[in-house]
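Below is one structure, written out as structure tokens; the observations come after it.
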Amino acid sequence: MTQIKTKSIRGIEQKMEELEPGSIRYNVLEQAKGFKTSWIALGQMLFSVWKDKLYREWGYQQFDSYVSKEIGVRKQTAAKLLRSYSFLEKEEPRYLSRDFVEGAQASSVPTYESVDLLRRANDNKDLDRKDYAKIRKYVLEEGKDASDVRKDLTKMIKENRDIDDEQEKMRRRRTVLKRFVSTLKSVRKEIKYSKVLPQSILQDAERLIERIEAEIT
């Protein structure tokens, strides 16, 4: 998992010395310090801070400034934490239970990067539920590294897009052939009743229509 730099940890500890233990602000800093093995708890607290705009009470106008200056987390990282926590809260609430968070080892807790990829997979229209189930297993059951999950996800999306492209080509082909057959049948009918061409040509037209219809099916 991503680890906050030592310099940032020292800054967090100094800030904690100035605060009342047990306060929300203190607890957020405490979770930030243990970020490597407890990103879910940190994500939960940051979500509350962001949702209720508590950072304004602490002298920060923007959430980004708060996470960057006070707890040493980059804007992009904080955004992923919020998205990943929110996704787990909505889709996988068991991972937010107290027993799971407190009892899980670092190796068994999915990284926030992997959960963010799972969230993206859930929203991706190029993936069906079977593909999503595979990604979910990789992230929540096997604890795959985010880089490996990203490769698997990219491969699945590409394969599905290739399938969709091929299906679209087949659909267009059938549409064109059906339109062609319809035109041929209309012309054949006119030829039959007007008798402007020999019977042999009419028979050729019949055979052509049969061959094209065979291609459609």
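- Counting only distance, with no hydrogens or angles, the side chain of Ser23 and the backbone of Glu20 share a donor-acceptor pair below 3.5 Å.
- In this structure, Arg207 places its CZ atom where more than 12 heavy-atom neighbours from other residues, nucleotides or ligands lie under 6.0 Å away.
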Start with the C-alpha distance between Ile24 and Trp58, add both sets of side-chain angles, then the distance that settles side chain to side chain contact (heavy atoms under 4.5 Å, CB included), and finish with yes or no. CA-CA 11 Å; Ile24 293 178; Trp58 304 330; 4.0 Å; yes
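- Judged purely by atom type and a 3.5 angstrom limit, Thr175 uses its side chain to pair as donor or acceptor with the backbone of Arg171.
- Donor-acceptor pairing under 3.5 Å is recorded for the side chains of Arg129 and Asn122.
- Aromatic pair Tyr60/Tyr55: ring centres not closer than 6.0 Å.
- Contacts of Leu19 classified as side-chain contact (heavy atoms from CB on, under 4.5 Å), with partners at least two apart in sequence or in another chain: Lys15, Arg25, Tyr26, Leu29.
- Geometrically, Lys144 engages Tyr138 in a cation-pi contact, judged by NZ or CZ lying under 6.0 Å from the ring centre and within 45° of the ring axis.
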Side-chain atoms of residues 176-197: list all donor-acceptor pairs with protein atoms under 3.5 Å, sequence neighbours left out, distances to 0.1 Å.
from   : atom 1 : to     : atom 2 : distance (Å)
Thr183 : OG1    : Arg179 : O      : 3.0
Lys185 : NZ     : Glu213 : OE2    : 2.8
Arg188 : NH1    : Glu206 : OE1    : 2.9
Arg188 : NH1    : Glu206 : OE2    : 3.4
Ser194 : OG     : Glu190 : O      : 2.5

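- In this structure, Leu117 and Val139 have side chains that are not in contact, with every pair of non-hydrogen atoms separated by 4.5 Å or more.
- The salt bridge (charged side-chain N to carboxylate O under 4.0 Å, His left out) contacts involving residues 42-53 comprise nothing, where partners must be two or more places apart or lie in separate chains.
- Counted within 6.0 Å of CD on Gln76, heavy atoms from surrounding residues, nucleotides or ligands total more than 12; the atom is thus considered enclosed.
- When each of Ile135, Leu118, Asn124 is paired with Leu153, the side chain to side chain contact (heavy atoms under 4.5 Å, CB included) condition holds for Ile135 and for no other.
- Using a distance-only test at 3.5 Å, with no hydrogens or angles considered, a donor-acceptor pair links the side chain of Trp39 to the main chain of Pro110.
- Checking side-chain atoms of Thr154 against main-chain N and O of Arg150 turns up a donor-acceptor pair under 3.5 Å.
- Looking only at distances, no side-chain donor or acceptor of Asp116 sits under 3.5 Å from a matching main-chain atom of Lys80.
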